[in-house]
Amino acid sequence: MTAIPIELEAPDIEPHRHSSTGVDWVHTFDSGRPGPHAMIAALTHGNEICGAIVLDRLLRDGLRPERGKLTLAFNNVAAFHRFDTRNPYASRFVDEDFNRVWTRETLDGPRRSTELDRARELRRFVEAADFLLDIHSMLEPSPAVMISGPLEKGIRFAFDVGVPEHVVSDVGHANGTRMRDYGGFGDPASDKNALLVECGQHWERNAERVAWQVAWRFLKCAGVVSGERAAREIEQPVAPQKLVRVTEAVIASTPGFRFARSFTGMEVVPRRGDVIAWDGEAPVRAPYDNCVLVMPVPNNVKTGLTAVRLGRIEPR
Ligand SMILES: [Zn+2]
């Protein structure tokens, strides 16, 4: 794997440990005025530090909601505390992926792990939130991507937020349910809404800027800060957004899986039948024209795991 420079510095979040919520690293502020409950989460994966930088800044700046309530949560702090710039890949989680345990059955079940214990602490906040933004970043260099989930309400929310350029609608992962799909967020009949943003490569400077922009636009759309307050932070987007709907995952079925050329994510393969990759001797071909490669993992594809997801650009 190519070494990726670490341009961001993991913040000292120790000042944010104690909280009146009774749960460490989770802060809720009540404006005292009616309104929605918005929640921003960081460190769902312990080595994705751009979101922690944003929450640290918001907390140090003393941000308070003007309406409703605001919760700011550092999720997998146990994994984050293992973050080490000499081995930054190691601290994604401690026992299991925090972002695959979000079903009532799993949370109510008997199993225990570092992440499940933490998810059980976070659960009441996630259930109380009307709007959730979960801030992530990616292992491989790639343009930022908003993951809207499968429902129209999530797609609409992503376009209301207005950045980043790429909105990806997907159904999540076969190996567990994400926080953004939990409970009312995954229910088309509920008004609750959630987004997950991938701000770019984990440790690139730009990921912090993307996270800050998305966070302020989210706070404004959720209605907990005024447009005037948010306008002091928000930059104008440079590109119109486009919607990519994931149609399928390409699973590496041999150790010889390799991409036909180096892809960095969100590239458009123009023609149906074009070779995207080789799985051993077998070509993997684009199933339709203008096929978008969503978050390819070229450097560490393991047999049986997803190498890339394919998506169609849909007009909005
Ligand atoms: Zn992540």
Side-chain angles (χ1 to χ4, degrees), residues 1 4 6 8 10-11 13 25 39-55 72-83 87-102 113-116 118-119 122 126 132-149 154 158 164 166-182 185 194-204 206-212 214-215 218 246 249 264-266 294-302 305-309:
M1 180 176 298
I4 289 164
I6 298 177
L8 296 181
I13 64 169
W25 321 104
M39 175 173 177
I40 304 181
L43 298 178
T44 288
H45 295 128
N47 58 352
E48 301 179 358
I49 57 182
C50 64
I53 292 171
V54 164
L55 291 199
L72 303 175
F74 299 92
N75 282 356
N76 198 343
V77 176
F80 171 71
H81 278 152
R82 298 183 171 195
F83 186 78
N87 189 14
Y89 301 99
S91 47
R92 181 175 170 85
F93 54 74
V94 177
D95 297 322
E96 64 180 317
D97 191 331
F98 178 89
N99 212 25
R100 298 289 183 274
V101 301
W102 289 90
S113 68
T114 302
E115 279 74 19
L116 258 172
R118 183 61 175 159
L122 262 304
V126 178
L132 170 70
L133 173 66
D134 190 16
I135 302 178
H136 290 244
S137 54
M138 296 176 271
L139 181 57
E140 302 292 338
S142 166
V145 175
M146 185 67 91
I147 308 288
S148 68
H166 295 98
V167 175
V168 168
S169 174
D170 69 354
V171 290
H173 302 272
N175 58 342
T177 302
R178 302 174 295 201
M179 186 174 65
R180 62 131 292 121
D181 300 312
Y182 175 65
F185 301 130
L195 293 171
L196 184 165
V197 64
E198 300 279 3
C199 295
Q201 203 281 331
H202 293 330
W203 311 302
E204 68 182 343
N206 193 50
E208 176 182 344
R209 193 185 65 79
V210 172
W212 185 255
V214 171
F218 166 81
V246 170
T264 59
M266 307 317 290
V294 178
M295 294 169 70
V297 279
N299 290 327
N300 53 353
V301 184
K302 294 190 186 76
L305 294 186
T306 299
V308 64
R309 293 185 293 162

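In listed order, ligands and their atoms are each counted from 1.
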*Quick one: list whatever passes salt bridge (charged side-chain N to carboxylate O under 4.0 Å, His left out) with R309, sequence neighbours left out.*
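Here the qualifying residues are D170.
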_My understanding is that only residues two or more places apart in sequence, or in another chain, count here; which of them pass salt bridge (charged side-chain N to carboxylate O under 4.0 Å, His left out) with R82?_
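Expected list: none.
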_Aromatic ring proximity, centroids under 6.0 angstrom, Y89 and W203_ =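 They qualify: ring centres under 6.0 Å apart.
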*the Zn ion (ligand 1): which protein N, O or S atoms are under 2.8 Å away?*
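Under 2.8 Å from the Zn ion (ligand 1) - ignoring waters, which are not counted - the protein N, O or S atoms are H45 ND1, E48 OE1, E48 OE2, H136 ND1.
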*Enter the distance from R118:CZ to D95:CG here, rounded to the nearest 0.5 Å.*
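R118 atom CZ to D95 atom CG measures 14.5 Å (nearest 0.5 Å).
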*With L116, which residues qualify under side chain to side chain contact (heavy atoms under 4.5 Å, CB included), at least two apart?*
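Scan of L116 (side chain to side chain contact (heavy atoms under 4.5 Å, CB included), adjacent residues dropped) gives E96, V101, T106, L107, R111, S113, R120.
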*Flag the pair E48 and R92 as a salt bridge only when some basic side-chain nitrogen lies within less than 4.0 angstrom of an acidic carboxylate oxygen.*
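Salt bridge: yes.
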